[in-house]
4 protein chains.
Amino acid sequence: MLLKGLREEVLEANLELVRRGLVLYAFGNASGISRKDGLIAIKPSGVPYERLSAEHVVITKLDGEVVEGDPRPSSDLPTHLEIYKQFADVGGVAHTHSEFATAWAQACKPIPCFGTTHADSFHGEVHVTRCLTRDEIVSDYARNTGGVICRHFSEVDPDAVPAVLVAGHGPFCWGASAAAAAYNAVILESVARIAYYTLTISPDAQPIASHLRDKHFLRKHGKDAYYGQEKTQ
Amino acid sequence: MLLKGLREEVLEANLELVRRGLVLYAFGNASGISRKDGLIAIKPSGVPYERLSAEHVVITKLDGEVVEGDPRPSSDLPTHLEIYKQFADVGGVAHTHSEFATAWAQACKPIPCFGTTHADSFHGEVHVTRCLTRDEIVSDYARNTGGVICRHFSEVDPDAVPAVLVAGHGPFCWGASAAAAAYNAVILESVARIAYYTLTISPDAQPIASHLRDKHFLRKHGKDAYYGQEKTQ
Amino acid sequence: MLLKGLREEVLEANLELVRRGLVLYAFGNASGISRKDGLIAIKPSGVPYERLSAEHVVITKLDGEVVEGDPRPSSDLPTHLEIYKQFADVGGVAHTHSEFATAWAQACKPIPCFGTTHADSFHGEVHVTRCLTRDEIVSDYARNTGGVICRHFSEVDPDAVPAVLVAGHGPFCWGASAAAAAYNAVILESVARIAYYTLTISPDAQPIASHLRDKHFLRKHGKDAYYGQEKTQ
Amino acid sequence: MLLKGLREEVLEANLELVRRGLVLYAFGNASGISRKDGLIAIKPSGVPYERLSAEHVVITKLDGEVVEGDPRPSSDLPTHLEIYKQFADVGGVAHTHSEFATAWAQACKPIPCFGTTHADSFHGEVHVTRCLTRDEIVSDYARNTGGVICRHFSEVDPDAVPAVLVAGHGPFCWGASAAAAAYNAVILESVARIAYYTLTISPDAQPIASHLRDKHFLRKHGKDAYYGQEKTQ
């Protein structure tokens with residue numbers, strides 16, 4: 001079995017989405033990439049999570065060709081592939097229909113950076129893509145979804161805002177690994193929920209000041225990070 | 001014991017409604033039909049779910065006559081029967097008072113197709129029936145509820161939108177089996193919840209474009225479906 | 001030990017409030033009465049639910065005098081006593097700070113009868129009391145709370161609407177037994193939640209028609225009830 | 001191992017925050033102080049709760065110097081220290097990003113005292129601090145957060161309102177012990193949730209009258225308290 005470690009990490013990331021209440025039945029998928037091997041490990045399409053094991057995880061090339069695995073890969077695979085091809089530092093991708101992030105996506109509104117919970121993980125608002133055109137939907141839909149996501153990040157650093165809302169659809173998140181992508185998906189849902197409540201309490205709520213946003217993001221991310229146990233101040 | 005397999009499937013569908021938090025105490029019911037035998041299996045009236053077993057499931061004819069089973073059938077049986085009589089492809093029906101779907105029913109508003117989560121299961125908005133008249137309520141109430149539901153689908157395909165909101169009451173869902181009906185009830189509640197949040201974030205939110213809606217529904221349903229493991233692309 | 005059966009029923013009713021998520025820490029209480037003995041069994045004050053056993057339940061007379069039990073009775077006892085004295089058919093009382101019912105109480109708004117989920121248990125809107133005066137609060141507060149509740153039902157049948165919202169405080173529910181009171185408290189919270197969602201979806205939502213309300217309440221309550229297994233149609 | 005009892009109490013307070021759903025992953029921290037020893041026990045930075053044991057708890061002096069413990073203390077330690085230095089009766093501090101309290105903090109709105117659930121624990125509205133200035137954020141951020149909190153209480157008794165919302169950030173709570181601080185954090189979240197629902201039902205909702213607020217707070221707190229089992233009326 002190819003890439004046993006990566007398969008297990010991808011399995012675990014998919015299960016984390018379930019444990020945190022982000023996916024209903026089979027509505028979600030997480031993947032990971034081995035950059036060295038040029039191979040992706042992804043959840044199969046439509047297999048219930050309770051029956052999922054590492055052997056069900058499908059291994060594909062970056063062009064989508066299945067290398068190992070009987071079940072068909074997630075139908076969202078082409079979206080994942082575009083993200084891996086365009087975002088060089090990404091090691092994992094997670095897609096869910098988690099309810100609050102999806103509501104922002106359906107409302108076609110970005111999630112404003114209303115507080116430090118948001119800024120701890122996302123360095124500024126979480127963007128919403130434009131709607132896909134009829135042509136982009138009719139053929140090569142999943143790949144075009146990836147394209148619309150990636151073109152959106154021409155002026156935003158995908159490592160600084162590791163998530164996006166696809167208009168009328170739902171969130172895609174990424175990170176240095178499948179685990180990090182799932183972790184960001186969990187936090188995004190909480191951030192989406194708190195932003196929703198904030199807006200209800202105060203329709204005129206404003207994003208936090210840029211220095212507070214920078215302080216929180218940069219204490220956890222990048223070369224000057226000092227939060228947690230692994231890095232030295 | 002007649003129709004042991006169907007009884008067990010109906011029991012399991014009823015328990016799924018409980019596990020997913022769709023029913024409080026005994027407020028809900030699921031049924032299944034054996035078209036070959038012309039017999040329906042349905043939850044008994046007012047029996048707590050924790051005491052429910054396959055033997056409690058009541059077997060009736062399509063005219064409502066009890067064929068096997070001591071307890072009285074659900075008082076909503078006549079509504080289920082109308083659905084089975086009018087919708088030829090339906091194999092199961094589920095009724096709940098799940099909180100968000102019921103809120104849309106109480107608000108007498110259809111659930112707009114705001115996103116792909118909705119379109120994956122319901123090919124367009126989930127309709128709300130008209131209110132029943134005083135006469136329809138006073139006599140033959142449950143059967144008239146079924147009648148109002150079915151007449152509503154004269155111009156909508158019940159297989160494409162396998163759910164409806166009964167005004168001032170709550171959702172009825174159906175599907176190819178009791179399991180499919182319960183599955184649709186679970187998804188409807190999530191869709192109702194996300195639509196509620198969407199509307200709060202953006203009171204002017206619009207349904208998704210018809211080509212996106214068609215893409216998502218048709219990749220999972222009908223002859224050209226390609227999602228999941230069972231069908232070939 | 002006096003009234004062992006009643007103590008156990010009262011214990012179980014209190015635990016049901018916890019299991020259903022209606023009470024946080026010790027914020028709630030249920031009681032039951034033996035009309036024959038003129039004795040009330042009630043939860044002690046401020047004892048955590050996880051340590052509660054039948055022996056902790058306090059037995060008092062209708063004037064509040066403790067007959068058996070070391071711990072002090074719930075500080076809400078005088079409110080329960082007023083309800084028992086004024087509502088002749090009541091066998092149990094439950095008080096919680098369940099979040100949605102409390103929100104309606106804090107908003108000083110009655111819960112409109114928006115649907116059949118409501119009408120199945122409450123025959124019309126759930127009322128909110130007037131605020132207590134300064135004098136009523138300063139002395140004999142808990143008894144005066146009971147007084148304000150009961151005077152409110154001079155023109156409403158407490159058996160038809162077995163719940164009330166005390167303005168700025170929270171819900172009190174009752175029923176034929178402690179179990180029925182707790183059951184009504186659980187349903188009230190669900191009804192309060194659905195009504196809240198209904199109002200958000202449609203600020204102009206209207207109560208259901210009186211014949212639909214009567215149909216649902218009377219099929220479950222009163223001499224012509226036909227729902228469930230215990231009564232004959 | 002220093003202060004084993006305090007370490008265990010602090011561990012338990014941190015775990016209570018998790019059990020009650022107030023913290024996601026490692027986003028929160030509770031501490032306790034031994035006034036006699038002048039030592040603080042606090043959760044380490046960024047250690048997942050499931051791996052947390054009493055040995056991981058870090059012991060520091062009031063100036064922040066670590067006395068015992070390998071892991072780095074929570075990055076919010078300087079905020080806790082300011083609170084211990086300024087509020088003489090405080091024995092424990094808890095900080096979370098619990099979702100409803102955080103939403104009020106992000107909306108920069110105090111939580112009004114809408115009902116007795118609130119008044120039972122907080123003697124009046126829960127305040128929101130001013131935003132920190134750029135200078136306060138750039139250097140000594142966590143200590144300045146504590147400073148802004150404490151200056152806010154020059155005219156409010158911190159024992160009467162044992163919580164505050166830091167603007168754009170989230171709640172800090174305190175109490176006579178780490179357990180009391182966590183308990184107040186749990187109640188604050190429920191109070192924040194009920195206040196949110198109240199405001200949605202009635203945008204013009206008013207705080208309860210001062211005599212009702214005083215009645216509820218003072219029956220549980222201060223020298224004339226009579227609620228519960230430990231004090232005599």
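So you know, we letter chains A, B, ... as the sequences are listed, proteins then strands, and number each from 1.
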Query raised in the report: Can you tell me if NZ on C/Lys85 sees more than 12 non-hydrogen neighbours from other groups inside 6.0 Å?
Result: yes

Query - D/Asp157 versus D/His123, side-chain donor and acceptor atoms under 3.5 Å - result: no

**Report entry** Residue, of C/Ala195, C/Ala167, C/Ala107, C/Cys108, that accumulates the most heavy atom pairs under 4.5 Å with chain D
**Finding:**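 The candidate making the most pairs under 4.5 Å is C/Ala107.
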
**Report entry** Top contributor to chain D interface from C/Tyr25, C/Trp104, C/Phe100 [non-hydrogen pairs under 4.5 Å]
**Finding:** C/Tyr25

Under 4.5 Å from any heavy atom of chain C - which part of [X]:
X: D/His216; result: side chain
X: D/Val191; result: neither
X: D/Asp204; result: neither

Report task. Using the six-membered ring wherever Trp is involved, compare the ring planes of D/His95 and D/Phe172 and label them parallel, tilted or perpendicular (cut-offs 30° and 60°). Result ->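 Ring orientation of D/His95 relative to D/Phe172: parallel.
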
Requested in this report: Could you check whether the rings of C/His169 and C/Tyr141 sit parallel, tilted or perpendicular, using 30° and 60° as the cut-offs?
Outcome: parallel

Report summary line: Highest number of heavy-atom pairs under 4.5 Å with chain C among D/Thr198, D/Leu199, D/Thr200 belongs to D/Thr198

Report task. For chain C, find which of D/Ile208, D/Val186, D/Asp214 contributes the most heavy-atom pairs closer than 4.5 angstrom. Result -> D/Val186

Query raised in the report: Going by an N to O cut-off under 4.0 Å, is there a salt bridge joining C/Glu136 and C/Arg151?
Result: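 Answer for the salt bridge query: yes.
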
Query - salt_bridge(D/Glu12, D/Arg7) N-O dist < 4.0 Å - result: no

Query - Contacting moiety of C/Ile137, where chain D heavy atoms sit under 4.5 Å - result: both

Report task. Please flag which part of C/Val166 lies under 4.5 Å from any non-hydrogen atom of chain D: side chain, backbone, both or neither. Result ->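 Neither part.
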
**Report entry** Axial cation check for D/Tyr84 ring with D/Arg35, 6.0 Å and 45° limits
**Finding:** no

